Amino acid sequence: MINVSVVILAAGFGTRMKSNTAKVLHRAGGLTLVEHVARTALAVAPPERVVAVVGHQSEAVASALRPYGVKTALQAVPQGTGQALLCAKDSAPAEGLLVVLYGDVPFLARETVERLIAQQAAGDAAATVLTAVLDDPAAYGRIVRGPEGDVLGIVEFKAASLEQRAIREINSGIYCFRAGLLWQHIGEITTNNPAGEYYLTDMVEILRSHGHRVEGQVMADPRELLGINTRVELAAIDSLFRERKANQLMLDGATLERPETIVADVDVRIGPDSIIESGVRLLGSTVIGANCRIGAGSVLTNCRIGDGVAIAPYTVIDDSSVGDNAKLGPFSRLRMNSVVEANAHIGNFVELKKTTMHSGAKANHLAYLGDSSIGEKTNIGAGTITCNYDGAAKHPTQIGSGVFVGSNSTLVAPVTLEDGSYVAAASIVTETVPAGALAIGRGRQVNKPGWVAKRKKDSAS
Ligand code: UD1
Ligand code: CA
């Protein structure tokens, strides 16, 4: 096995994004562009052999990469792709194979990189260039091949003759080099070109001038090399990621209704026979079990959903978990580490914040339950509100199992309702309700006979 290392060039400005955020930190498919590239790199090399060259907003880009454990090298002033790669020299391995990736080319599949490495590893060339054949080769660098098929050179569009511009095979900018030869000769790149930059593409002719061969590998799906320069291209790449993800989820056994309307981030997983209705957004690290139904328009961010869960439309869940066979929605809201255990029911316009509904508990309509624990099989009536905030601090509400809370009750925290207790409808509860007790916390009703007729008479006179 030959050691593989990867250098990611990510120091460019990205002026055409018209953004205060560095280009490679914009998101597509749920990740920043540079994270996609880092993940591809880590599919072929361990983190200590991956170096990202950062420059523009170097601190922010480096911190987006920190969780991946890759190294970074600084290119203080961008002077071209050749000089950017040179900046990685001291951090990257001196031997083995070295792959160059671009931070703004996020859709490249790991299989494509693996195929490039395999061709380079199998032959005697000094480098292999990943190329594509395009109907419209636009302003990409052109690949000039010799009679044997070897790559003789890469001509940048600006410097290309009319005949060269007619070549439809283009440079993806992705290469696999023999690291030893690359580092030995990279210093020979000059700025002798119309842009006055250090062009990495010059390495082809430099290696050939020392008697080495350079090969090309044509990629199967040229969409993978789409680079991002504008937000229009960002949206196009995002759509590609969504499509690739939706297809993968369907092949793994989920049913997606009108998949083109479903947004699933790259790390989302769904068990078999779950049905995702149209317009659902599944974000972050959300994992859904088997045999679930997720209703139209629901948005789930960083959620764990068990098996057999039914979520009716327009339910919004953040950073929370739902147990097997629970029923939620329509229009439920869960957030901040709420837990809905197995067989519990959360109905329309019920909000849970940092609250656990133990198994079989129900809150079917119009409630706010915050900083609470709701015991097994407890029933929370319509309109129940936990008053968890006193203007300065949050307080807990403890509700035992088998409790019945009558509709429109106000539970002023901190407060405890012990097992099997009852709360009369429309009560204001400020003190512990002992086990098995009924709490009635409201004014008594007074009926005034004949009052209506009397008022009518008074107002007429
Ligand atoms: C480059 C290639 C071109 C190829 C095209 C494919 C060269 C000279 N040309 O052109 O043949 O068809 O990519 O997309 O290499 N970067 C740095 N520091 C720099 C310059 C660039 O980190 O000083 C990074 C950029 O952030 C970007 C990548 O390198 O991620 C490519 O740079 P860019 O200027 O976009 O190269 P192109 O002109 O597109
Ligand atoms: Ca580019």
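These numbers come from a predicted model, not from an experiment. Whatever order the structure lists them in is the order used to number ligands and atoms, beginning at 1.
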Run the salt-bridge test on [X] and [Y] with the 4.0 Å N-O cut-off and return the result as yes or no.
X	Y	result
E156	R142	no
K71	E48	no
D150	R145	no
E215	R213	yes
D318	R333	yes
K245	D265	no

(message) One residue to check: K23. Relative to ligand 1, which of side chain, backbone, both or neither has a non-hydrogen atom less than 4.0 Å away?
(response) neither
Any N/O of [X] closer than 3.5 Å to an N/O of ligand 1?
X	result
G173	no
Y199	no
Y140	no
T201	no
P78	no
Y175	no
A84	no
G141	yes

Close approach of [X] to ligand 1, heavy atoms, under 4.0 angstrom:
X	answer
A10	yes
V53	no
I170	no
Q75	yes

(request) Out of A132, G80, G12, C87, indicate the one that has the non-hydrogen atom closest to atom 20 (C) of ligand 1. (result) G80
(request) Only heavy atoms count here, so choose which of E156, E197, Q79 is nearest to atom 3 (C) of ligand 1. (result) E156
(request) Any atoms of ligand 1 less than 4.0 Å from a non-hydrogen atom of S172? List them with their elements. (result) 6 (C), 14 (O)
(request) Could you list which atoms of ligand 1 come closer than 4.0 Å to a heavy atom of T81? (result) 7 (C), 8 (C), 15 (O), 20 (C), 21 (C), 29 (O), 31 (C), 32 (O)
(request) Could you tell me which residues satisfy side-chain contact (heavy atoms from CB on, under 4.5 Å) with Y389, sequence neighbours excluded, listed by chain and number? (result) K394
Side chains of residues 92-99: which donor-acceptor partners sit under 3.5 Å, not counting sequence neighbours?
none

(message) Centroid separation under 6.0 Å, is that true for the rings of F107 and F241?
(response) yes
(message) Would the distance check show the side chain of E277 and the main-chain N or O of A296 forming a donor-acceptor pair, the cut-off being under 3.5 Å?
(response) yes
(message) I'd like to know whether CD of E260 has more than 12 heavy-atom contacts from other residues, nucleotides or ligands below 6.0 angstrom.
(response) yes
